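Chain A is the first sequence line, chain B the second, and so forth, proteins listed ahead of strands; every chain is numbered from 1. A quick note: this is a predicted structure, and the numbers were derived from the prediction, not measured.
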Amino acid sequence: MSGTMRPARAGSGRRPDPALAPLPEPGADPDTGKLGMWIFLASEVLFFGGVFVAYLYGRTHWPAGFALASRHTDVVLGTLNTAVLLTSSAIVALAVACEEHPGARRWTANLLWTTAALGLAFLAIKGVEYRGEWQEHLFPTADFALAGTAGAEEFFALYVVATGLHAVHLSIGVAALAVFARARRLRRPWADARRIEVVALYWHFVDIVWIFLYPLIYLVSRHG
Amino acid sequence: MDDARLHRRGREILLTWALLLALMLTSLGSAYLRLGVFNMVAGLAIAAIKSALVLWIFMRLRSAPALIRLVAAAGFALWGVLVVLSGVDYATRAETPAEAQRPLQLVPQPAASAASPVVSRPAPA
């Protein structure tokens, strides 16, 4: 009877669910670096979240202005940059996997450098975009080009704030990746798998922010 | 991590990357269809799937202990609270929002009368 009450977890051959693993003993060393980064990233969700709420307000109140303004953004460069960031995220995930395998550790530094280089490529493409928008008077200044349409200026104000904050985060990520890539090459003992994973977590988060910015900035209404 | 696990992880990362790029192109294509409000819904839904892939596979929430999953979920849950509570005000306000104030500009003055700069507004567009 009691045999039917208990699910046959142990004998089923399935991998045990890691979320059900016992908590570390009191006083044992938890992975504080990783946990600390996750707590920081949770606070970052709220940091960028405020900008997204402002965007939702603008988009629902001035749908026509947001649609018009979005058609003035460069969808080709935006899509290219999305592909660059998604690729960089995959490469830094590979770097973490290589660092955890003794035979593959020689690849880690190169993969970290590649990720940082893709981050710089993203910033360069973004710079080209900003230059074009500045020349077309799309920055929300006194001579804003679409001043006749309500909401268009709000869209570009949010665009500058959101992509600017994202670029600052990305620059910090590039710097952190470069520091760890160099330290890994010089075989510094502190550049170990756990710390490299913490940097990778941050990089993935910057990627996630862009994943949401991409449709909200470039894809509001391309058919109009 | 042994050889087999490294290869499995490599394949998994490659597959996720291909899926992410495919989803990006799907999102791009959907923007050229005339879907009304569903343009935004499609864009955000695809973004949510993409970020779930990054969180689950790249950031390894799939194999993370409960404590880490809890912290990750707390960030998004609190953002949900922020959206709903902000919406209580912003989404229910009936008045038409006023146009944003145009920035004031200082008109360049000749040196003699520079003591009292004249402030003027740019001509309305």
### Query
Side chain, backbone, both or neither: which part of A/Ala200 has a heavy atom under 4.5 Å from chain B?
neither
### Summary
To the nearest 0.5 Å, atom CD1 of A/Ile211 lies from atom CG of B/Leu20 at 6.0 Å
### Message
Report which part of B/Arg60 has an atom under 4.5 Å of a heavy atom belonging to chain A: side chain, backbone, both, or neither.
### Response
side chain
### Query
Got a salt bridge between A/Glu99 and B/Arg9, using NZ or NE/NH1/NH2 to carboxylate O under 4.0 Å?
no
### Message
Quick check for you: among A/Phe212, A/Phe205, A/Phe52, which has the greatest number of heavy-atom pairs under 4.5 Å with chain B?
### Response
A/Phe212
### Task
Nearest 0.5 Å please: distance from the CG atom of B/Leu67 over to the CD1 atom of A/Ile39.
7.5 Å
### Message
A side-chain contact here means heavy atoms from C-beta on lying under 4.5 Å apart; do B/Met40 and A/Val220 qualify?
### Response
no
## Note on the structure
From the list B/Val83, B/Leu44, B/Thr16, the residue making the most non-hydrogen contacts under 4.5 Å with chain A is B/Leu44
### Query
Heavy-atom distance under 4.5 Å to chain A: side chain of B/Leu28, backbone, both or neither?
both
#### Entry: Per-residue contact mode, A/Leu41 against chain B (heavy atom under 4.5 angstrom)
side chain
### Query
Quick check: are there more than 12 heavy atoms from other residues, nucleotides or ligands sitting under 6.0 Å from CZ of B/Arg5?
no
### Query
Heavy-atom distance under 4.5 Å between the side chains of A/Arg222 and B/Asn39, does that happen here?
no
### Query
Hey, are the side chains of A/Asp31 and B/Ile68 touching, using non-hydrogen atoms and a 4.5 Å cut-off?
no
### Query
Are the aromatic rings of A/His204 and B/Phe58 close, with centres under 6.0 Å apart?
yes
#### Entry: B/Asp2 versus chain A, the contacting section by heavy-atom distance below 4.5 Å
backbone
### Message
Just so I know, are the side chains of A/Leu86 and B/Lys50 near enough to count as touching, which here means a heavy-atom distance under 4.5 Å?
### Response
yes
### Summary
chain B shares the most heavy-atom pairs under 4.5 Å, among A/Ala83, A/Ser43, A/Ala42, A/Ala90, with A/Ala90
### Query
So, do A/Thr79 and B/Met24 sit near enough that their side-chain heavy atoms are less than 4.5 Å apart?
yes
### Pairs touching residues 78-89 of chain B that satisfy side chain to side chain donor-acceptor pair (under 3.5 Å), sequence neighbours left out
B/Asp89-B/Arg93
### Query
When heavy-atom pairs shorter than 4.5 Å are enumerated against chain B, which of A/Val75, A/Val92, A/Leu56, A/Leu201 gives the highest number?
A/Leu201
### A/Tyr55: ring-ring contact (aromatic ring centres under 6.0 Å, His included) partners, not counting sequence neighbours
A/Phe66
### Query
Does the side chain of B/Met59 reach to within under 4.5 Å of the side chain of A/Ile208, using non-hydrogen atoms?
yes
### Inter-residue atom distance B/Trp17.CH2 - A/Ser88.OG, 0.5 Å rounding
11.5 Å
#### Entry: Crowding at CH2, A/Trp134 (>12 non-hydrogen neighbours, <6.0 Å)
no
### Query
With only heavy atoms counted, which part of A/Glu197 is less than 4.5 Å from chain B, the side chain, the backbone, both or neither?
side chain
### Task
Return yes when atom CZ of B/Phe38 has more than 12 non-hydrogen atoms of other residues, nucleotides or ligands closer than 6.0 Å, and no otherwise.
no
### Message
Does any backbone or side-chain atom of B/Ile57 lie under 4.5 Å from a heavy atom of chain A? Answer side chain, backbone, both or neither.
### Response
neither
### Query
Do A/Pro215 and B/Ile46 have side-chain heavy atoms sitting under 4.5 Å apart?
no
### Query
Out of curiosity, B/Leu53 CG to A/Ser89 OG, how far, rounded to the nearest 0.5 Å?
11.5 Å
### Pairs of heavy atoms under 4.5 Å with chain B: top-ranked of A/Thr60, A/Val96, A/Thr87
A/Thr87
## Note on the structure
Value for CG (B/Leu78) from CG (A/Leu46), rounded to nearest 0.5 Å, stands at 5.5 Å
#### Entry: Reported OG-to-CG distance for the pair B/Ser30 and A/Leu219, which is rounded to 0.5 angstrom
6.5 Å
### Message
Are there over 12 heavy-atom neighbours, none belonging to A/Phe139, within less than 6.0 Å of that residue's CZ?
### Response
yes
### Query
With a 4.5 angstrom heavy-atom cut-off, which part of A/Tyr214 approaches chain B: side chain, backbone, both or neither?
side chain
